[in-house]
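Atoms considered below: every heavy atom in the structure, side chains included; atoms not considered: hydrogens, waters and symmetry mates.
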Amino acid sequence: EIKFKIFIKDIGKFYSWLYNSPFKKKYNNRGVNSLYYDTINLDFANDNISGQSNRIKIRARWYTGNNENFLNEFSNSKLFRFEIKRKKNYYSDKIFFTKKFSDRKNSVIEKRTLLKKEIKNELSKFSELSHLILKDTIFIGYNREYFEHVSSEHVRLTIDKDLSCLICSKIPNSKNIKIANNFIIVELKFNQKNENLTKNILKKFPFRQIRSSKYLYAISKYYRLSY
């Protein structure tokens, strides 16, 4: 996975490249929403900031229609998926847990409590993670566009925009805030078998790779983190 931060002034240049590239629209746009978990000391965030080569993120994820309020939909949603995103040097992968169903609408507090119990249960299955004591830290939501390379379904490009967040400690006395109004996040996703194809794509891509973490962008809105 390679990320690019595209500023608004360059969006025309980016879409001009995209529409003349081998990437074609794959799915309808949708809202991608996550509830991130971290330790009391925000160890996952700090590992990312310090550039640790071996690090993780843990989140619950659910999907909504485009432009819907992610916090309202958190209460209404009945289907969630837990993910562990692992990063080791230049490569990353994800561990997906069994999808979790909630058979009724819950309040935000009830749903948070339910998911926290579920994530603790899932982590207990991993000896290297079972000792972790986690708290739900922040909600993040954004709208995503999906594209796929015509030569391989394993080379995909996503465009994330309208990023917003809400820190858990301020619920219910605060509204979600915009992470940024002046950029979008583009992600090029591929497996190692398609590394050569990806290198050829990057040769013609008009932007440079940059470290870009939505989680850190969001956390830095509330904590004194330099990112």
Under the rule for ring pair (Phe, Tyr, Trp, His ring centres under 6.0 Å), what residues qualify as partners of [X], not counting sequence neighbours?
X    : value
Y63  : none
F23  : H149
Y15  : Y19
F139 : F74

With the side chain counted from C-beta on, respond yes when [X] and [Y] share a heavy-atom pair under 4.5 Å apart, and no when they do not.
X    : Y    : value
I138 : I140 : yes
Y215 : D38  : yes
D160 : I184 : no
D10  : F14  : no
L18  : I159 : yes

How long is the straight-line distance from [atom2] of [Y] back to [atom1] of [X], given to the nearest 0.5 Å?
X    : Y    : atom1 : atom2 : value
I2   : I210 : CD1   : CD1   : 13.5 Å
R156 : N191 : CZ    : CG    : 9.0 Å
N176 : L166 : CG    : CG    : 6.0 Å

Next on the checklist: Using side-chain hydrogen bond (donor to acceptor under 3.5 Å, both in side chains), reason through Y27 and R144 one step at a time and then give a plain yes or no.
Outcome noted: CA-CA 10 Å; Y27 306 109; R144 170 168 280 183; over 6 Å; no

Please name all residues satisfying side chain to side chain contact (heavy atoms under 4.5 Å, CB included) with [X], sequence neighbours left out, ordered by chain then number.
X    : result
K25  : N29, E145, F147
I95  : I84, R86, F97, F126
T113 : I109, K117
K170 : I167, S174, Y222

Item to check | Check: T198 side chain, N194 main-chain N or O, donor-acceptor pair, under 3.5 Å | outcome: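 Checked: pair present.
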
Checklist entry - K5 side chain to F183 main-chain N or O, any donor-acceptor pair under 3.5 Å? => result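 Not a single qualifying donor-acceptor pair exists.
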
Checklist entry - Are more than 12 heavy atoms from other residues, nucleotides or ligands located less than 6.0 Å from atom NZ of K116? => result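 Open: at most 12 neighbouring heavy atoms sit under 6.0 Å from NZ of K116.
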
Would you be so kind as to tabulate the donor-acceptor pairs closer than 3.5 Å made by side chains of residues 53-60, with sequence neighbours excluded?
{"unit_1": "R55", "atom_1": "NH1", "unit_2": "Q52", "atom_2": "O", "d": "2.5"}
{"unit_1": "K57", "atom_1": "NZ", "unit_2": "S213", "atom_2": "OG", "d": "3.1"}
{"unit_1": "R59", "atom_1": "NE", "unit_2": "E83", "atom_2": "OE1", "d": "2.9"}
{"unit_1": "R59", "atom_1": "NH1", "unit_2": "Y36", "atom_2": "OH", "d": "3.0"}
{"unit_1": "R59", "atom_1": "NH2", "unit_2": "E83", "atom_2": "OE1", "d": "3.0"}

Identify the two heavy atoms, one from [X] and one from [Y], that lie closest to each other, and give their separation to 0.1 Å.
X    : Y    : answer
F82  : E122 : CD1-CG, 4.2 Å
L197 : S151 : CD2-CB, 4.4 Å
S124 : S130 : CA-CB, 3.9 Å
I49  : R211 : O-NH1, 3.8 Å

Item to check | Inter- and intrachain pairs under ring pair (Phe, Tyr, Trp, His ring centres under 6.0 Å), touching residues 184-206, at least two apart | outcome: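 Checked against ring pair (Phe, Tyr, Trp, His ring centres under 6.0 Å) - neighbours excluded - the pairs reaching residues 184-206 are F4-F205, W17-F205, F205-F207.
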
Next on the checklist: One pair to check against side-chain contact (heavy atoms from CB on, under 4.5 Å): V186 and T158. What are the steps and the verdict?
Outcome noted: CA-CA 6 Å; V186 175; T158 58; over 6 Å; no

Checklist entry - Can you list the steps and then say if L188 with L202 is a side-chain contact (heavy atoms from CB on, under 4.5 Å)? => result CA-CA 9 Å; L188 183 60; L202 293 174; 3.8 Å; yes

Next on the checklist: List the residues meeting side chain to side chain donor-acceptor pair (under 3.5 Å) with K26, not counting sequence neighbours, and say none if there are none.
Outcome noted: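 Scan of K26 (side chain to side chain donor-acceptor pair (under 3.5 Å), adjacent residues dropped) gives none.
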
Item to check | K214/E187 ion pair, N-O < 4.0 Å | outcome: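 Between E187 and K214 there is a salt bridge, with a charged N closer than 4.0 Å to a carboxylate O.
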
Checklist entry - With sequence neighbours left out, which residue pairs that include part of residues 127-138 fulfil the salt bridge (Lys or Arg N to Asp or Glu O under 4.0 Å) condition? => result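 For residues 127-138, and leaving out neighbouring residues, the salt bridge (Lys or Arg N to Asp or Glu O under 4.0 Å) pairs sorted by first residue read R112-D136.
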
Checklist entry - Is there a side-chain contact (heavy atoms from CB on, under 4.5 Å) between K189 and L157 once you walk through the steps? => result CA-CA 6 Å; K189 305 170 187 288; L157 184 145; over 6 Å; no

Next on the checklist: Go through it in stages, so that I can follow the logic: the residues are L35 and W62, the test is side-chain contact (heavy atoms from CB on, under 4.5 Å), and I'd like the CA-CA distance, side-chain angles, deciding distance and then a yes or no.
Outcome noted: CA-CA 9 Å; L35 175 56; W62 67 102; 4.1 Å; yes

Checklist entry - Step by step, would you call Y146 with N28 a side-chain hydrogen bond (donor to acceptor under 3.5 Å, both in side chains)? => result CA-CA 7 Å; Y146 296 85; N28 293 331; over 6 Å; no

